Participant: 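Have a look at the structure that comes next, please.
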Protein chains: 2
Amino acid sequence: MSSIKNATDQPLASEIKEYLKTAPEIYLAGVSVDTVIFGFDNDKLHVLLLRFSNTPYYTLAGGYIEKEEDLDHAALRILSERTGLKNIYLEQFYTSGKHNRTNTGITKYALKKLTGILPPGNWLDQRFISVCYYALVDETKVEPKIQEPFTSGFKWFEINKLPKLLFDHKFIIEKALSRLQADLDTKLIGFNLMNETFTMNQLQKLYEAVHQMKLVRTNFQRKMLTLGVLERLEKQYNGKSHKAPYLYRFILAK
Amino acid sequence: MSSIKNATDQPLASEIKEYLKTAPEIYLAGVSVDTVIFGFDNDKLHVLLLRFSNTPYYTLAGGYIEKEEDLDHAALRILSERTGLKNIYLEQFYTSGKHNRTNTGITKYALKKLTGILPPGNWLDQRFISVCYYALVDETKVEPKIQEPFTSGFKWFEINKLPKLLFDHKFIIEKALSRLQADLDTKLIGFNLMNETFTMNQLQKLYEAVHQMKLVRTNFQRKMLTLGVLERLEKQYNGKSHKAPYLYRFILAK
DNA sequence: TCAAAAGTGTTTATTATACACCCATGG
DNA sequence: CCATGGGTGTATAATAAACACTTTTGA
């Protein structure tokens, strides 16, 4: 799924100025939230990115924290706004705070393309420390919404075919991936990326996509089954000329 | 080591007011850094805590971020100021952001004891999102310095005999410990808590203190040796009537 | 010679890996 | 029947756990 609007090259000065007026009243200054949204489709691990208006660059889904809002709540709210989902699996994994992280050459250029000339010291001009979360979502259930006027589209990218990114978002995605890899085997979170029922083959594809390596089919099956968290359901006949695989479902420890 | 000053009960209004005047010019608003400083002494895992002036409460070593300062640099600077050390092992592990985390009943009481009555909306009154680091230090080399006027002393506490803490600092320490436990076995960081040379027994005591469990001596020794990161030095004769243990040193992979 | 702690060896259990084998399915 | 992918069994290797044994030291 993908959508790109606003192909014109006009700085969005008027909408931006409206935003700059209200933002300081609503949000905490100097702190932002960025989320790495992971999805999975058949055999590829994806990241949902937003097109930065009037530029060829992409960014993470981000936002600000309301003045009386808990940090975790802000992350969840921002994700709900961008994906249309509730009950998203979220994990805070890093806080990025280099003093010039949003103030590099490319970013300055991109901001100018987006906004035109703005008075210095405006809301977008300040230093932001960004608290980063990763989210695991069922990609097929996501209905992304763009965040006007800053972004003009969204697109799922394969984890190893990322586009040009603004700020330090490439670094943040890499951090998110390595954290996801570590978490996948220790916590039982993989199912957040899948449909409720799945075959063992689909589950293996997920693990292979996250860890970016091939796994041995027979041993993977045994390993998953001995975890004791999979419930075997009926077989799934799909018309292929071979044994039908069982469907499984995660059973969560209470 | 321990030191408590300022046993009087007078609110430190004048020093505080001076601080409140300069802080907003120097530091980022709304964001703080808190550090869980771990030390190790013979067989106990310790945490260095600061006595909140005029109260029976303790807090983590914390501070603010200068306006043009990198976040990691701020954490290191704050630690250097409090411990007198350079080259401290630091790991960012969590960012705490509940909107009322510094504004609970006990904290209000403690702040009033410390400062007397201050105008509302002052620097200390604002909401802070706190980026949390843990530090591993050689306890014997630390020369703590208090942070006047907010704190009036410091003390090493055993990890499972913590005093009453302000804010959400107890929760943060627990998070830090479980992160340290996970890190100890995967990264090779234990040596940051010890002298440069140590016996196998001392190393085992460290692992036992961090994991809060007994380990089997013979198997622990083999496991450490097969890691291939220990260099065996001369024996350490200590006058005891038993075989002298070897000293070891960590050799860091380049 | 003894007690205490250090260091090494050995046995067993557990877990991981490789791969052989059989099974079910639709054409 | 065949080809294909699914499921199970088994042999082997690697690792972990339990504990016996030997060594060194100072009294």
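These figures come from a predicted structure and were not determined experimentally. Chain letters run A, B, ... following the sequence lines, proteins first and then strands; every chain starts at 1.
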Participant: Quick one: label B:K240 by what it contacts on the DNA or RNA (base, sugar-phosphate, nothing), any heavy atom closer than 4.0 Å.
Facilitator: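 The residue B:K240 makes sugar-phosphate contact but no base contact.
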
Participant: Return yes if the base of C:dG7 and the side-chain atoms of B:R222 contain a donor-acceptor N/O pair under 3.5 Å, otherwise no.
Facilitator: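 Flag unset: no donor-acceptor pair detected.
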
Participant: What is the separation between atom CG on A:L227 and atom P on C:dT15, rounded to the nearest whole Å?
Facilitator: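 In whole Å, C:dT15 P lies 12 Å from A:L227 CG.
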
Participant: Quick check for you: among D:dG7, C:dG7, D:dA18, whose closest atom lies nearest to any side-chain atom of A:K243?
Facilitator: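 Output: D:dG7.
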
Participant: Within the modelled atom types, does a donor on one side and an acceptor on the other bring the side chain of B:R232 and the base of C:dG7 under 3.5 Å apart?
Facilitator: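 No.
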
Participant: Flag the pair B:L247 / B:E234 as yes when at least one side-chain heavy-atom distance between them is below 4.5 Å, and no otherwise.
Facilitator: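 B:L247 reaches B:E234 side chain to side chain.
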
Participant: Is any side-chain heavy atom of B:I172 closer than 4.5 Å to a side-chain heavy atom of B:L165?
Facilitator: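 B:I172 vs B:L165: side chains apart.
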
Participant: Taking the side chain of A:N219 as heavy atoms from C-beta outward, which of C:dG7, C:dA18, D:dG7 is closest to it?
Facilitator: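 Side chain of A:N219 sits closest to C:dA18.
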
Participant: Quick one: which of C:dC19, D:dG7, C:dG9 gets closest to the side chain of B:T218?
Facilitator: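 Shortest atom-to-atom distance from the side chain points to C:dG9.
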
Participant: Can you find a heavy atom in the side chain of B:L79 that is under 4.5 Å from one in the side chain of B:Y133?
Facilitator: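 No, their side chains stay 4.5 Å or more apart.
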
Participant: Examine the base of D:dG5 for any acceptor or donor lying under 3.5 Å from a partner atom in the side chain of A:R217, and report the outcome as yes or no.
Facilitator: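 Side chain to base: no pair present.
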
Participant: Write down the distance between CG (A:N238) and P (D:dG5), rounded to a whole number of angstrom.
Facilitator: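 From A:N238 CG to D:dG5 P: 11 Å.
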
Participant: Do the side-chain N or O atoms of A:N201 get closer than 4.0 angstrom to the phosphate oxygens (OP1, OP2) of D:dG5?
Facilitator: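 Checking A:N201 against D:dG5: no side-chain N or O falls below 4.0 Å of OP1 or OP2.
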
Participant: Determine whether B:L71 and B:Q92 satisfy the following criterion, side-chain contact (heavy atoms from CB on, under 4.5 Å), listing intermediate values before the conclusion.
Facilitator: CA-CA 10 Å; B:L71 179 58; B:Q92 185 205 291; 4.2 Å; yes

Participant: Surrounding CD of A:Q181 (heavy atoms of other residues, nucleotides or ligands, distance under 6.0 Å), is the total greater than 12?
Facilitator: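 Enclosed.
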
Participant: Here's a test of your reading of the structure: between A:H242 and A:L225, which maps to the more 5' nucleotide of DNA chain D?
Facilitator: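 Checking each residue's closest nucleotide, the 5'-ward one belongs to A:H242.
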
Participant: Go through it in stages, so that I can follow the logic: the residues are B:E91 and B:L136, the test is side-chain contact (heavy atoms from CB on, under 4.5 Å), and I'd like the CA-CA distance, side-chain angles, deciding distance and then a yes or no.
Facilitator: CA-CA 9 Å; B:E91 191 82 37; B:L136 304 183; over 6 Å; no

Participant: Please report, rounded to the nearest Å, how far the P atom of C:dT14 is from the NZ atom of A:K223.
Facilitator: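 For the pair A:K223 NZ and C:dT14 P, the rounded distance is 18 Å.
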
Participant: Check whether any side-chain N or O of B:K235 sits under 4.0 Å from OP1 or OP2 of D:dT25, and answer yes or no.
Facilitator: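 Yes, such a contact exists.
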
Participant: Rounded to whole angstrom units, what separation is found between the CD atom of B:Q236 and the P atom of D:dG26?
Facilitator: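 That distance rounds to 12 Å.
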
Participant: Rounded off to whole Å, could you give me the CZ-to-P distance for the A:F220 and C:dT15 pair?
Facilitator: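 Taking CZ of A:F220 and P of C:dT15, I get 18 Å after rounding.
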
Participant: Do the side-chain N or O atoms of A:Q221 get closer than 4.0 angstrom to the phosphate oxygens (OP1, OP2) of D:dG6?
Facilitator: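 No, no such contact exists.
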
Participant: Output the single nucleotide from C:dA6, D:dT25, D:dG7 whose closest atom is nearest the side chain of A:P245.
Facilitator: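 In terms of side-chain proximity for A:P245, the closest of C:dA6, D:dT25, D:dG7 is D:dG7.
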
Participant: In this structure, how many angstroms lie between the P atom of D:dG6 and the CD atom of A:Q202, rounded?
Facilitator: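 Going from CD in A:Q202 over to P in D:dG6 covers 10 Å.
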
Participant: Output the rounded distance in Å from CE (A:M224) to P (C:dT17).
Facilitator: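 It works out to 12 Å between those atoms.
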
Participant: Whether B:Y246 contacts C:dA6 is assessed here as follows: a side-chain N or O lying under 4.0 Å from the phosphate OP1 or OP2. Is that the case?
Facilitator: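 B:Y246 to C:dA6 OP1/OP2: no side-chain N or O under 4.0 Å.
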
Participant: Between atom OH in B:Y237 and atom P in C:dA5, what is the gap in whole Å?
Facilitator: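 The answer, rounded to whole Å, is 18 Å.
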
